[in-house]
Each structure stands twice: as C-alpha cells, then as structure tokens.
Q: 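Pasting a structure here, questions to come.
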Amino acid sequence: MKRTEIKTLLQRTDYGSTINVKGWVRTKRSSKNVAFIAMNDGSTLNNVQIVVEMNEENDKLLNRIHTGASLSVDGILAESMGSGQKVEVQSQTIEILGEANPDEYPLQPKKHSLEFLREKAYLRFRTSTFSAVARVRHAMIFAIHQFFNDRGFYNIHTPIITGSDAEGAGEMFQVTTLDLEHLPKNPDGTIDYKNDFFGKAANLTVSGQLEGELAALALSNIYTFGPTFRAENSNTTRHLAEFWMIEPEMAFYDLTDNMDLAEDLLKYVVKYGLDHCKEDLEFLSNRLQDEEKNKKAEERSMELIEKLKFVLDEPFARVTYTEAIDILMSSKPNKKQQFQYVIEGWGADLQSEHERYLVEKHFKRPVILTDYPASIKAFYMKQNEDGKTVRAMDILFPQIGEIVGGSQREESYEKLYAKIKELNIPESTMWWYLDTRKFGTVPHSGFGLGFERLILFMTGMTNIRDVIPFPRTPLNLEF
RNA sequence: GCCUCCAUAGCUCAGCUGGUUAGAGCAUCUGACUGUUAAUCAGAGGGUCAUAGGUUCAAGUCCUGUUGGGGGCGCCA
C-alpha cells in the first residue's frame with residue numbers, strides 16, 4: 001500500500017479508507033484494552049495517533065515499541081473518539097521497521113534542554129523544536145529565492161574557494177593539498193605554494209560580494225545565497241564559522257534604493273513565514289514563552305507572532321550614524337554612565353549595547369543606520385562628499401543586532417585605488433576588481449543578509465547554533 | 001581572545017552556613033486501569049555526586065589544576 005504522509009492524512013475525512021502511514025514513535029500509552037502511539041514523520045509538527053487493540057500478539061509487539069522506533073502501520077482512517085485530534089488510525093498491521101532501545105536512545109517524551117540536544121545534534125531533528133526550525137528554515141530559503149526571482153534578479157554561484165586573500169571580511173580558513181607535516185619552503189623561509197593544488201595560496205570565501213559585483217556590472221540585478229566561512233575565534237550566540245549569507249548586488253542602485261530593497265526583502269520573507277508556517281511558529285512561540293516563564297515580565301520577549309507582525313507593520317527607522325551618536329550622547333544610560341562603553345563623541349564604533357539601546361529602547365523597531373565614519377568601514381564603500389563618512393547601511397534588529405550590512409560601492413577608480421593604497425591592500429590580488437571601475441563603471445549597491453540571524457529572529461530561538469543543523473564553531477566539529 | 005557562571009541517577013533538577021545508609025519528577029522494568037493526549041495509580045532497579053589532587057576528625061558541599069558546557073564582551077552576517 002502506498003504511504004500517506006501524516007500532514008496529508010490529518011486533513012483527510014474519508015473515514016473508513018484503508019491507509020498506510022510510516023514514521024517515528026514519539027510516545028506510547030497503553031491501558032488494558034487499548035494502546036495509543038503518537039507517531040511523527042516530519043511532514044508536519046503534528047503527530048498521528050495510532051490506536052492499537054490489545055491482544056496477545058499486539059502485546060508482544062508493543063513491548064518492542066518505544067520512543068524513537070520506526071513503524072509502518074496499515075489501518076483504517078477513523079474519526080477520533082478522543083478530544084486531542086480529529087482523525088486517527090485504527091491499526092490492523094504494525095510492522096516495526098527499526099527498534100530504538102530505550103536504554104540507549106537519548107530522547108524521551110519530555111522537554112530536553114537545548115544544550116543537551118546540541119550535544120545530540122545528530123538526533124535533534126527528531127524533536128518538535130528542531131523539526132519546526134528546519135521547516136521554517138526551508139520556507140525562508142524558498143521565500144528568498146521567490147522574492148528575487150519575482151523581481152528579475154539572477155542567482156549567481158560565487159566561488160567557495162578563493163585565491164583572493166584580501167576580501168577584508170575576516171580571518172580565513174586556508175585550503176591546501178600540501179603535506180602539512182612537510183611544507184615546501186622558499187629560500188627565505190616562507191611557504192612555497194607553487195606545488196599546492198592551485199599553485200598559490202587558497203582560502204574559503206568570507207563573502208561573495210566582490211564576485212557578485214562583477215556579475216551585477218553586466219546583469220544589473222543579481223544575488224548570491226551560499227555558504228560563508230569565517231575563521232574568527234567568535235564565541236557568541238550569534239556567530240558561526242560556517243554560515244549562509246544572501247548577498248544581492250544591484251547596478252544603478254543608490255543607498256536609498258539599497259535600503260528599500262533590504263526592507264522589502266525582510267518584510268516579504270517574514271510575511272511568507274507567517275503565511276506558510278503558522279503551526280510551527282505557534283509551537284515555537286509557546287516554546288519561547290515556556291522558556292521565559294520564570295523571567296520577570298519586563299525581561300520577557302514580545303510574543304513571537306506579534307513581534308513578526310510588528311516588523312511588517314512599522315517602517316524601519318532610518319537614521320545616520322551622526323544622528324545616532326547625538327541620540328546616544330543625550331541618552332540616559334550614556335549620561336549616567338550606565339553603558340560599559342560611554343560614547344565620548346563622533347567617530348566612536350557602536351558597541352552592541354548601543355545598538356540595542358537604539359532598537360529596543362529609543363526607536364522600538366528595526367533601525368537602519370547609514371553614513372558611518374569611513375575609518376570603521378570597509379574599503380569598497382562609496383565615499384561621501386564630506387570626506388569623512390561612507391554610504392554604508394546596517395540594519396539592526398531587536399535581540400539579534402546586526403542582521404544586514406551593506407553599502408553603495410565606490411565606483412570611482414581613482415578613489416577606490418587611493419583607498420586600496422592607503423590600506424596597503426595588495427594590488428596584485430585586487431586588479432580585476434579595480435578594472436571594473438575602469439571599464440564602464442556605474443553606481444551600484446548591495447548588502448549581505450545573515451541567513452541564520454534571520455532564522456533566529458523568525459523562530460525566536462536565542463542561540464544561532466540551534467537554527468543551523470550542524471553548527472561549526474571554535475572547537476566544535478562533532479557531527 | 002577576554003570576563004563570568006555551571007557540572008549530583010538515562011533526562012530535568014533539589015541537597016541551607018561541610019556532619020550518620022545521597023532525594024524528587026520523568027524515563028526503564030513489573031502490576032493495576034474499557035480511549036489515552038509529555039495518561040494516571042502502586043511497586044522495583046538505577047548514582048565511586050565530571051575528573052585529578054589538596055584542606056579537615058569528617059567533603060556532593062571548601063581550595064587548586066584538568067575536561068566539558070552555558071552566558072556576556074570583542075570580531076561581524
């Protein structure tokens with residue numbers, strides 16, 4: 001018999017039909033005459049209830065069925081007598097596909113801590129929380145592609161291995177086939193890469209932006225959506241060594257066009273999630289409220305779905321760095337020296353406590369900060385006429401901080417060249433990037449959206465290691 | 001990388017200022033229960049209190065190292 005997915009099964013009303021359903025046991029409850037098995041196959045958050053009439057044969061079978069076992073059940077679709085569900089399956093034949101020894105299987109029909117599940121990451125898909133996150137994550141991936149496709153953007157696969165060692169976005173993971181025990185050396189003691197796979201030093205990409213720009217300067221509107229690698233020793237709830245990033249790059253866009261696109265994108269995907277992942281989001285909302293029930297009322301986060309709708313309804317606040325500094329300088333925590341880093345004046349780099357103040361206390365909505373001092377931003381950003389700021393924009397979200405970082409790019413060859421010289425970036429690795437400003441340069445803009453940070457916001461999870469199936473962080477590469 | 005906190009049964013945790021055979025709930029096993037909803041009720045098994053030292057008449061409890069983990073900060077997406 002052909003298997004019916006639980007998601008489909010639960011919507012059917014053709015009671016009396018013979019069906020087959022397969023999945024993994026979440027709980028088993030038995031009494032004298034009847035037993036109930038809650039089974040899940042991941043097609044939906046909800047379980048299907050399998051009703052088993054007790055007799056000698058089923059009694060033996062049920063003794064082998066525990067949480068985690070996989071079953072194939074043939075039975076009759078029935079309207080449920082119980083109150084917890086509309087439909088259930090009256091089992092006729094139960095085949096145990098795989099047992100799960102309860103002495104060894106780590107998951108139980110109860111709440112586990114996220115820390116415990118993180119150490120059992122190979123099994124955590126089997127929990128409601130992680131399967132819900134996985135489904136939401138998928139929906140968001142799909143929504144992102146749909147958003148760009150609908151607007152005529154082309155998806156570009158930028159390289160994962162790069163020969164450029166000056167992308168400037170962070171420490172890189174080196175890629176080599178050289179024997180690390182016996183590295184070939186040049187006469188001056190440096191490593192001789194001539195016999196390495198590419199004949200030169202190679203790294204994993206920290207950003208697809210520079211290559212994305214090359215594509216945008218021909219196709220107009222492109223986006224990348226790929227893995228990104230940063231070898232930073234970052235130990236926080238919002239950093240990963242391997243993460244996924246969306247990087248659109250648009251020819252003929254100025255900074256305002258760029259901000260408009262980023263705000264539209266974020267609102268579109270949040271709306272898509274609300275429309276397509278209602279059950280999972282409701283579950284995640286309850287999970288979050290349950291987790292925070294012991295916190296003081298003022299420390300609890302806004303209810304998840306309310307928070308997501310709030311982002312849709314409100315235009316993001318848009319302020320320049322200079323305005324933000326003024327707000328912070330005259331803020332209570334700055335005057336009373338409650339900030340760990342008190343803002344002394346223009347030019348200060350904003351710490352996360354300042355960003356949180358702006359988003360959570362002052363504006364109480366997402367904030368786009370623009371026109372940062374050139375000294376604290378990347379070399380490729382377009383220089384403003386004031387000579388001291390660049391056309392950068394960061395989007396700050398409550399709780400997670402920076403979710404988008406972008407800018408209008410410097411399209412003037414002379415200005416870009418001078419900047420590269422000023423920062424001692426080797427011209428030999430950047431010549432092709434500079435060339436785009438020599439041949440038909442145009443104003444253009446782009447940004448990077450941290451996908452996992454978006455999923456944090458969307459799911460109400462608080463640690464980025466719980467929104468990617470297999471997190472890579474310093475000293476953590478178990479699964 | 002810096003700062004902080006934590007480690008007691010398979011899981012979640014209690015164990016007050018060091019003081020007799022280390023507790024609970026869930027899970028497991030046994031039994032009860034005519035349909036349950038992480039079912040309920042009764043009983044059983046299960047711990048060299050992360051690890052190595054030290055202080056003390058006495059250490060789960062105090063001190064030090066090690067390992068594992070949480071949180072905050074920095075770097076940023």
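Note that the structure is a prediction, hence the values are computed from the model and not measured. So that the names make sense, note that chain A is the first sequence line, chain B the second, and so on, each numbered from 1.
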Q: For A:S207 and B:rA77, is the shortest distance between a side-chain N/O and OP1 or OP2 below 4.0 Å?
A: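 No, A:S207 has no side-chain N/O under 4.0 Å of OP1/OP2 on B:rA77.
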Q: Let's see if you get this right: which residues in residues 445-455 of chain A place a heavy atom under 4.0 Å from RNA chain B?
A: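 Those residues whose heavy atoms fall under 4.0 Å from RNA chain B, taken from residues 445-455 of chain A in numerical order, are A:G448, A:G450, A:R453.
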Q: Give, ordered by number, those residues of residues 70-86 of chain A having at least one heavy-atom distance below 4.0 Å to an atom of RNA chain B; if nothing qualifies, reply none.
A: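 Close to the strand are A:S80, A:M81, A:G82, A:S83, A:G84, A:Q85.
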Q: Show each protein N/O and nucleotides 66-70 of chain B N/O combination with a separation under 3.5 Å, one pair to a line.
A:
{"residue": "B:rG70", "atom": "OP1", "partner": "A:R118", "partner atom": "NH1", "Å": "3.0"}

Q: Side-chain atoms of residues 77-87 of chain A: list all donor-acceptor pairs with protein atoms under 3.5 Å, sequence neighbours left out, distances to 0.1 Å.
A:
{"residue": "A:S80", "atom": "OG", "partner": "A:G82", "partner atom": "N", "Å": "3.1"}
{"residue": "A:S80", "atom": "OG", "partner": "A:Q85", "partner atom": "NE2", "Å": "3.0"}
{"residue": "A:S80", "atom": "OG", "partner": "A:E88", "partner atom": "OE1", "Å": "2.8"}

Q: According to the side-chain hydrogen bond (donor to acceptor under 3.5 Å, both in side chains) rule, which pairs have a member within residues 57-70 of chain A, sequence neighbours left out?
A: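 Passing the test, one end in residues 57-70 of chain A: A:R64-A:E99.
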Q: Please name all residues satisfying side-chain hydrogen bond (donor to acceptor under 3.5 Å, both in side chains) with A:S17, sequence neighbours left out, ordered by chain then number.
A: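 Testing A:S17 for side-chain hydrogen bond (donor to acceptor under 3.5 Å, both in side chains), a comparison that skips the adjacent residues, returns A:D14.
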Q: Does anything in residues 118-140 of chain A pair up under side-chain hydrogen bond (donor to acceptor under 3.5 Å, both in side chains), and if so which pairs, sequence neighbours excluded?
A: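 Output for this query lists A:R26-A:S128, A:R118-A:D466, A:R124-A:D466, A:S131-A:R135, A:R135-A:D280, A:R137-A:E452.
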Q: Side-chain polar contacts of residues 283-291 of chain A - donor-acceptor pairs under 3.5 angstrom, sequence neighbours left out - could you list them?
A:
{"residue": "A:S285", "atom": "OG", "partner": "A:E303", "partner atom": "OE2", "Å": "2.5"}
{"residue": "A:N286", "atom": "ND2", "partner": "A:E282", "partner atom": "O", "Å": "3.4"}
{"residue": "A:R287", "atom": "NH1", "partner": "A:E291", "partner atom": "OE2", "Å": "2.9"}
{"residue": "A:D290", "atom": "OD1", "partner": "A:K293", "partner atom": "NZ", "Å": "3.1"}

Q: Kindly give the atom pairs (protein nitrogen or oxygen, nucleotide nitrogen or oxygen) under 3.5 Å for nucleotides 43-48 of chain B.
A:
none

Q: May I ask you to evaluate whether A:S352 reaches the phosphate of B:rG74, defined as a side-chain N or O under 4.0 Å from OP1 or OP2?
A: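 Yes, within the criterion.
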Q: For B:rG15 and B:rC6, measure between their P atoms and round to the nearest Å.
A: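 Comparing P positions in B:rG15 and B:rC6 gives a spacing of 13 Å.
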Q: Under 3.5 Å for both donor-acceptor distances, Watson-Crick or wobble: does B:rC29 have a partner, and if so which one?
A: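 For B:rC29, the partner nucleotide comes out as B:rG43, under the 3.5 Å rule.
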Q: Contacts to RNA chain B from residues 98-110 of chain A, heavy-atom cutoff under 4.0 Å, which residues?
A: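 Correct list: A:P102, A:D103, A:Q108, A:P109, A:K110.
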Q: Could you list the protein-to-nucleotides 31-34 of chain B atom pairs, N/O on both sides, closer than 3.5 Å?
A:
{"residue": "B:rU34", "atom": "O4'", "partner": "A:N33", "partner atom": "ND2", "Å": "3.0"}

Q: Expressed as a whole number of Å, how far does the P atom of B:rC26 sit from that of B:rA39?
A: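 The same atom, P, in both gives a distance of 11 Å.
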Q: Could I get the full list of side-chain hydrogen bond (donor to acceptor under 3.5 Å, both in side chains) partners for A:T256, not counting sequence neighbours?
A: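 Counting only residues at least two positions away or on another chain, A:T256 forms no side-chain hydrogen bond (donor to acceptor under 3.5 Å, both in side chains).
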